[in-house]
Number of protein chains: 2
Amino acid sequence: MPKINKTKYAILGVLSMNPGSGYDIKKFCDKGISYFWNENFGHIYPVLKQMEVEELITKIAEQNEGKPMRYVYSITPKGWEELTEWLMQPPENTPARLELLLKLTFAKNIPENNVIEQMEKIKQKHIQRLEQYEEMEKEFNSNEKTRLDRGYPYWLATLRYAIHDARFRIQWCEETIQNIREHQKMLNN
Amino acid sequence: MPKINKTKYAILGVLSMNPGSGYDIKKFCDKGISYFWNENFGHIYPVLKQMEVEELITKIAEQNEGKPMRYVYSITPKGWEELTEWLMQPPENTPARLELLLKLTFAKNIPENNVIEQMEKIKQKHIQRLEQYEEMEKEFNSNEKTRLDRGYPYWLATLRYAIHDARFRIQWCEETIQNIREHQKMLNN
DNA sequence: GTATCCATGTAACCAGTTACATGATTGC
DNA sequence: GCAATCATGTAACTGGTTACATGGATAC
C-alpha cells in the first residue's frame, strides 16, 4: 500500500471543529497541537486545493475591508465521512527514526564528556517542557466548561501523554548520565 | 537549511563498527536497532553509491563460490571525520507527527467504545514490547564482556529508553481508558 | 522604523517508500 | 515443494520542506 497523506486528515479534523482558512489551520497546529503534530503552508495550501476537487471541503471567499483576502473552508458531508472512517481505523505506526538514539549507538567514538553535556542539555529542555505542560494542565482542569465537553478526556489524554513523555525522558537522561559516569570510573580502576 | 540525509550517518555508523555490504547494513538495522531506527534497500543502495563518490566509504567486490556477488564497504578516514563531526553535534529534532494523538484530538466524533478498544489494543502491544525489552536487558547485562566495552552505557541507554517508553505508554493507556469511562459516567448522570 | 501578524500561494527540491526484477542456496 | 535467506539494484512516486514572492495592517 502507498504512503498516505496525513495532512488531509489533520485538515479534516481541524475543519470539523470550525470552518477556517489555510492560515487558521496552520495557526491551530502551531498553537494547539505542535508538540505532537506539525504542518506547514507549503503543504497545506496545495492539499486544500486538492481536497476541494475531491469535494471533501468547500471554499467561500471572504473580503474584509482593508484586510487581505481570506478563503474559508468548511467540511462537507463527504469530508465528515472520510474523517470518521479514518478515526475508526487503528493508527498506522510509521517506522521510528530517533536521531538521538542513533547517535548514542555510535557514541563511543566521541569523548564521554561531550555526550554527557548533550544529555544534560536535553534534560534541561524536557524540564522546561514539563513545566509548560503542567501549567497547561492546571489551566485546562480549572475551566469548568471544558470538563463538560464530550472531548474533555481526549484533550486531557494528549496533554497527559506529553507530561508522561517529558517525565520519562528526564528520568532517562539522569539515569544515562549516571551510567556513563559509573562506567567511566569502572574502566579507570 | 535543507533537509539532511540521515541515512548517510546511519550507514557511516554501522560501517564504523564493521565493514559490510548494503545487505548487512539493512540486517543490522532490522535486527539490532529497528525499535528506534529503520532503513530500506531502496534508499541504502543509492546512498552507498553516492557516498563512494564522496569518498566517505570504499568498495571491495567479494565473490564466494556459488553465492551471489557481495560488495563490502569500509569507512574511510574522511568518513570517520564526517561521522564524529555529526556525533558531536546536538541531534536535530524533527517536527513531531504522532498520529494516535491527532486521532484522539478529534475522537469525540466517534463512539467512545471504539476509542477504548483501540487504546486497549495499543496497551497490549506495549506490554509485549516491554517484555521483549526486559528480556533483552537481562541477556545484555548477563554478558560479562559487553560490560567492559566502552560502548556499554550507550547500548544500555538505547534499551533503557525503549523500556521507559513502553512503560509510560502502558500507564498512559490505562489512565486514558479510565478517564474516558469516568467522563462517560459523569455525563450520564 | 521595525518587527510581527494577517494572508495566499508557487517552484524547486529531496528524502524516503513501494514495487518490480532476478536468481541461487538453505532449511523444513 | 515451499519459504526464507542471501544479495543487488532500478524506477516511479509522493509526502513534506524550504525558499521565494507579495503586500497591507498593527503594535511597540
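Letters go in sequence order (proteins before strands), and every chain restarts at 1.
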- Query: Under a single-linkage rule joining Ile, Leu, Val, Met, Phe, Trp and Tyr whose side-chain heavy atoms are separated by less than 4.5 Å, which residues share a cluster with B:Leu148?
  - Reply: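 Cluster partners of B:Leu148: A:Met186, A:Leu187.
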
- Check side chain to side chain donor-acceptor pair (under 3.5 Å) between A:Glu112 and all other residues, then give those that pass, not counting sequence neighbours.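 Per chain and number, A:Glu112 pairs via side chain to side chain donor-acceptor pair (under 3.5 Å) with no residue.
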
- Message: By nearest heavy atom, map B:Val72 and B:Pro95 onto DNA chain D; which one lands nearer the 5' end?
- Response: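 The answer here is B:Val72.
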
- Query: Can a side chain N or O of A:Arg97 be found less than 4.0 Å away from OP1 or OP2 on C:dA15?
  - Reply: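 Looking at the OP1 and OP2 atoms of C:dA15, neither is under 4.0 Å from any side-chain N or O of A:Arg97.
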
- Candidates D:dG9, C:dT17, D:dT17 - which lies nearest the side chain of B:Tyr71: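 So the nucleotide nearest the side chain must be D:dG9.
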
- Message: Please pick, from D:dG9, C:dG16, C:dG9, the nucleotide with the shortest atom-to-atom distance to any side-chain atom of B:Lys49.
- Response: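 Of all the options, the side chain of B:Lys49 is nearest to D:dG9.
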
Donor-acceptor pairs under 3.5 angstrom involving side-chain atoms of residues 51-60 of chain A: please list them, not counting sequence neighbours.
unit_1	atom_1	unit_2	atom_2	d
A:Glu54	OE2	A:Gln50	NE2	2.5

- What do you reckon, is CD of A:Glu62 surrounded by more than 12 foreign heavy atoms closer than 6.0 Å?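 Atom CD in A:Glu62 is crowded, with more than 12 foreign heavy atoms closer than 6.0 Å.
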
- Message: Taking ring pair (Phe, Tyr, Trp, His ring centres under 6.0 Å) as the cut-off, I'd like each qualifying pair that reaches into residues 77-131 of chain B, sequence neighbours left out, listed once.
- Response: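 Residue pairs with at least one partner in residues 77-131 of chain B: B:Tyr9-B:Trp86.
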
- Item | Inter- and intrachain pairs under ring pair (Phe, Tyr, Trp, His ring centres under 6.0 Å), touching residues 14-38 of chain A, at least two apart |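 Those involving residues 14-38 of chain A are A:Tyr23-A:Phe41, A:Tyr35-A:Tyr133.
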
- Item | Interatomic distance, B:Leu48 CG vs D:dA7 C1' [rounded to whole Å] |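 Rounding to the nearest Å, CG of B:Leu48 and C1' of D:dA7 are 13 Å apart.
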
- Sub-4.0 Å heavy-atom contacts from residues 6-42 of chain A onto DNA chain D, ordered by number: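 Result for residues 6-42 of chain A: A:Lys6, A:Thr7, A:Asn40, A:Gly42, sorted by number.
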
